[in-house]
Undergrad: 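This is the structure, below, for whatever I ask next.
Just so you know, these numbers come straight off a predicted model, no measurement behind them.
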Amino acid sequence: MYLADYHLHSTCSPDGTLTMAEVARTALERGLQEICITDHLDTVYWETFEPRTTFDWTESLRQLEEARSLYGDRLTIRHGAELGEAIISFDRAETLLKNAPPLDFIIGSVHTAGEEFQYLDLYYIGKRDMDYYDAIMRDYLTQTRKLIAWGKFHVLGHFTLPLRYIYQHTGLHLSFAPYMDEVEEILRMLIDRGIGLELNTNRGDFPLPEEAILRRYRELGGELITLGSDAHTAEHIGIAVESNQALLRRCGWEYFTTYEQGKPIFRPLP
């Protein structure tokens, strides 16, 4: 069994709590063979939403070298990024990517609602009525289509993210089932553009996206799929990766994907 976690944050992310070396050590302890560090590379600064076009790659590369020197003989450690809020400014997103060192892997993520909602961070959805949640989810699908149409990343991250925060704030288990026509359009866009889909283990909670969407992606011919915990703390590193490999098997996959220098590598599922 080959275990890889392709969505991990270090202290090079504003919300990370571990250095890359600490992430790598914990991954080894959990039995992983490969990880990819995907720190937040956002077009805005959090909270203030001021424009952002720089990232501390010097510190990122220093931590990467430290992690590889300590654990690289026992663990494959890839260098990636989670590109967030590209939809706010594709120009700034392209500047961030242009100034980055060669990366193995880039996640494209939607963390905010659109202009109609003043680019609300989805984390702050809060307790609202069902009409509001419906509007947020429809808007999220719109922003996701815009991101994929731009398309300068390898995999769409934590698709259906609003479900995470609605559940956290309310305990409601909602679904994107009412929006499957729009979801299918997004899946077809991914396939047509050669962009993969992330199966986000959601830090051990319900997977993002849900099983029905994973099945439909495979039925449509989806090939590229990564697994990532979205861990920001030690407790979540590698969490539920093994059980979600089993989920992929049930949905029709015989493999999952890792990346090297932007190229997919297909890893057999057990």
Side-chain angles (χ1 to χ4, degrees), residues 1-9 18 23-38 71-72 74-80 82 104-109 153-161 163-164 167 173 175-177 183 186-187 190-191 194-270:
M1 178 182 297
Y2 194 86
L3 298 177
D5 189 337
Y6 257 58
H7 194 148
L8 294 165
H9 296 279
L18 304 171
V23 171
R25 184 184 69 240
T26 304
L28 272 173
E29 292 169 352
R30 302 277 165 79
L32 273 67
Q33 285 81 40
E34 184 171 342
I35 61 173
C36 187
I37 307 294
T38 54
Y71 305 109
R74 291 167 285 165
L75 178 72
T76 299
I77 305 171
R78 303 295 187 197
H79 197 202
E82 182 180 11
D104 291 300
F105 179 63
I106 301 167
I107 300 171
S109 293
F153 54 96
H154 298 118
V155 162
L156 176 65
H158 45 51
F159 184 40
T160 69
L161 181 64
L163 301 182
R164 173 191 289 173
Y167 175 72
H173 277 290
S175 167
F176 271 74
V183 166
I186 284 169
L187 298 178
L190 290 174
I191 293 166
I195 300 170
L197 181 68
E198 177 190 57
L199 171 47
N200 190 291
T201 72
N202 198 17
R203 303 167 196 161
D205 213 325
F206 54 87
L208 301 172
E210 58 202 89
E211 183 171 341
I213 294 174
L214 294 170
R215 287 185 180 277
R216 189 59 184 142
Y217 176 59
R218 186 71 185 114
E219 290 167 357
L220 291 170
E223 298 279 349
L224 302 171
I225 191 151
T226 60
L227 293 107
S229 65
D230 208 351
H232 293 70
T233 61
E235 65 181 312
H236 296 137
I237 293 170
I239 192 166
V241 166
E242 187 173 343
S243 62
N244 278 279
Q245 285 191 354
L247 171 59
L248 286 180
R249 267 289 187 186
R250 294 198 302 272
C251 292
W253 267 276
E254 297 181 355
Y255 48 80
F256 69 100
T257 319
T258 60
Y259 281 78
E260 181 178 9
Q261 297 179 1
K263 303 298 183 183
I265 300 171
F266 296 97
R267 308 285 187 180
L269 288 165

Undergrad: Hey, can you pull the donor-acceptor pairs under 3.5 Å for the side chains in residues 258-268, sequence neighbours left out?
TA:
from   : atom 1 : to     : atom 2 : distance (Å)
Thr258 : OG1    : Arg267 : NE     : 3.0
Arg267 : NH2    : Glu34  : OE1    : 3.1

Undergrad: Not counting sequence neighbours, which residues clear salt bridge (charged side-chain N to carboxylate O under 4.0 Å, His left out) with Glu219? List them please.
TA: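 Residues passing salt bridge (charged side-chain N to carboxylate O under 4.0 Å, His left out) with Glu219: Arg216.
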Undergrad: Quick one: does His154's side chain have a donor or acceptor within less than 3.5 Å of a partner on Ile106's backbone?
TA: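 Checking the backbone N and O of Ile106 against the side chain of His154, a donor-acceptor pair under 3.5 Å is found.
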Undergrad: What are the two closest non-hydrogen atoms of Gly157 and Ser109, and how far apart are they?
TA: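 Closest pair (atom of Gly157, atom of Ser109, distance): CA-OG, 4.0 Å.
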Undergrad: Sequence neighbours left out, what passes ring pair (Phe, Tyr, Trp, His ring centres under 6.0 Å) with His232? Give chain and number order.
TA: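 Partners of His232 under the ring pair (Phe, Tyr, Trp, His ring centres under 6.0 Å) test: His9, His40.
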Undergrad: Once the angle between the rings of Phe105 and Tyr6 is folded into 0 to 90°, is it parallel (under 30°), tilted (30 to 60°) or perpendicular (over 60°)?
TA: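 Perpendicular, since the angle between the ring planes exceeds 60°.
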Undergrad: Could you list the residues that satisfy side chain to side chain contact (heavy atoms under 4.5 Å, CB included) with Thr233, not counting sequence neighbours?
TA: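 If we apply the side chain to side chain contact (heavy atoms under 4.5 Å, CB included) test to Thr233, skipping adjacent residues, the hits are Thr17, Glu235, His236.
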Undergrad: Nearest heavy-atom pair of Tyr71 and Ala24: which atoms, and what distance?
TA: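 Heavy atoms of Tyr71 and Ala24 come nearest at CD1-CB, 3.8 Å.
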Undergrad: In chain order, what residues pass the side-chain hydrogen bond (donor to acceptor under 3.5 Å, both in side chains) check against Gln33, with sequence neighbours excluded?
TA: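 Result, side-chain hydrogen bond (donor to acceptor under 3.5 Å, both in side chains) vs Gln33: none returned.
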Undergrad: For Leu8 and Ile237, run side-chain contact (heavy atoms from CB on, under 4.5 Å): C-alpha distance rounded to whole Å, both residues' side-chain angles, the deciding distance at 0.1 Å, then the answer.
TA: CA-CA 7 Å; Leu8 294 165; Ile237 293 170; 4.0 Å; yes
Undergrad: Calculate, to the nearest 0.5 Å, the distance between atoms CG and CD belonging to Leu156 and Glu198 respectively.
TA: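 That separation rounds to 8.5 Å.
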Undergrad: For Ser175, which residues count as a side-chain hydrogen bond (donor to acceptor under 3.5 Å, both in side chains) partner, sequence neighbours excluded?
TA: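 Listed in chain order: Glu210.
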Undergrad: Taking Phe159 as the fixed residue, which of Leu208, Leu190, Leu197 is the one that meets the side-chain contact (heavy atoms from CB on, under 4.5 Å) rule?
TA: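 Per the side-chain contact (heavy atoms from CB on, under 4.5 Å) rule, the option paired with Phe159 is Leu197, out of Leu208, Leu190, Leu197.
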Undergrad: Any donor-acceptor pair under 3.5 Å linking the side chain of Tyr217 with the backbone of Leu224?
TA: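 Yes: the side chain of Tyr217 pairs with the backbone of Leu224.
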Undergrad: Under the rule for side chain to side chain contact (heavy atoms under 4.5 Å, CB included), what residues qualify as partners of Leu248, not counting sequence neighbours?
TA: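 Leu248: side chain to side chain contact (heavy atoms under 4.5 Å, CB included) contacts with Leu199, Ile225, Leu227, Trp253, Phe256, Leu269.
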Undergrad: With rounding to the nearest 0.5 Å, note down the distance linking CD1 in Ile35 to CG in Leu3.
TA: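 Atom-to-atom, Ile35:CD1 and Leu3:CG are 13.0 Å apart.
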Undergrad: With sequence neighbours excluded, what pairs up with Arg74 under the salt bridge (charged side-chain N to carboxylate O under 4.0 Å, His left out) test?
TA: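 Applying salt bridge (charged side-chain N to carboxylate O under 4.0 Å, His left out) to Arg74 gives none.
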Undergrad: Using the test side-chain hydrogen bond (donor to acceptor under 3.5 Å, both in side chains), find all partners of Arg164 that sit at least two apart in sequence or belong to another chain.
TA: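 So Arg164 forms a side-chain hydrogen bond (donor to acceptor under 3.5 Å, both in side chains) with Asn200, Asn202, Asp230.
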Undergrad: Does Arg78 use its side chain to pair, donor to acceptor, with the backbone of Thr38 at less than 3.5 Å?
TA: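 Not confirmed, Arg78 side chain does not pair with Thr38 backbone.
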Undergrad: Minimum heavy-atom separation for Cys36 and Gly80, please, with both atom names.
TA: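 Where Cys36 meets Gly80 most closely, the heavy atoms are SG-N, 3.7 Å.
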Undergrad: Say whether, by atom type as modelled, one donor and one acceptor occur between the side chain of Gln245 and the main chain of Tyr2 under 3.5 angstrom.
TA: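 Side chain of Gln245 to backbone of Tyr2: a pair is present.
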Undergrad: Quick one: CG on Asn244 to CD on Glu242, what's the gap to the nearest 0.5 Å?
TA: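 Here the rounded value is 10.5 Å.
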Undergrad: How many angstroms lie between atom NE2 of His7 and atom CD1 of Ile37, to the nearest 0.5 angstrom?
TA: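 Going from NE2 on His7 over to CD1 on Ile37, the span is 11.0 Å.
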Undergrad: Testing the basics here: between Gly204 and Ala240, what is the closest heavy-atom pair and its distance to 0.1 Å?
TA: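 Closest approach of Gly204 to Ala240, heavy atoms only: CA-CB, 4.2 Å.
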Undergrad: For the residue pair Cys251 and Arg215, what are the closest heavy atoms and their distance?
TA: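 Here Cys251 and Arg215 meet closest at SG-CG, 3.5 Å.
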Undergrad: Holding to side chain to side chain contact (heavy atoms under 4.5 Å, CB included), I want the full list of residues that pass it with Ala234, two or more places apart in sequence or in another chain.
TA: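 Only Leu18, Thr26 meet the side chain to side chain contact (heavy atoms under 4.5 Å, CB included) criterion with Ala234.
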Undergrad: Quick one: CD1 on Ile239 to CG on Asp205, what's the gap to the nearest 0.5 Å?
TA: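 Output value for this atom pair is 9.0 Å.
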Undergrad: His158: which residues meet the side-chain hydrogen bond (donor to acceptor under 3.5 Å, both in side chains) condition with it, sequence neighbours left out?
TA: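 Applying side-chain hydrogen bond (donor to acceptor under 3.5 Å, both in side chains) to His158 gives Glu82, His111.
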Undergrad: Which heavy atom of Pro207 sits nearest a heavy atom of Leu247, and at what distance?
TA: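 In terms of heavy atoms, the two residues are closest at CG-CD2, 3.9 Å.
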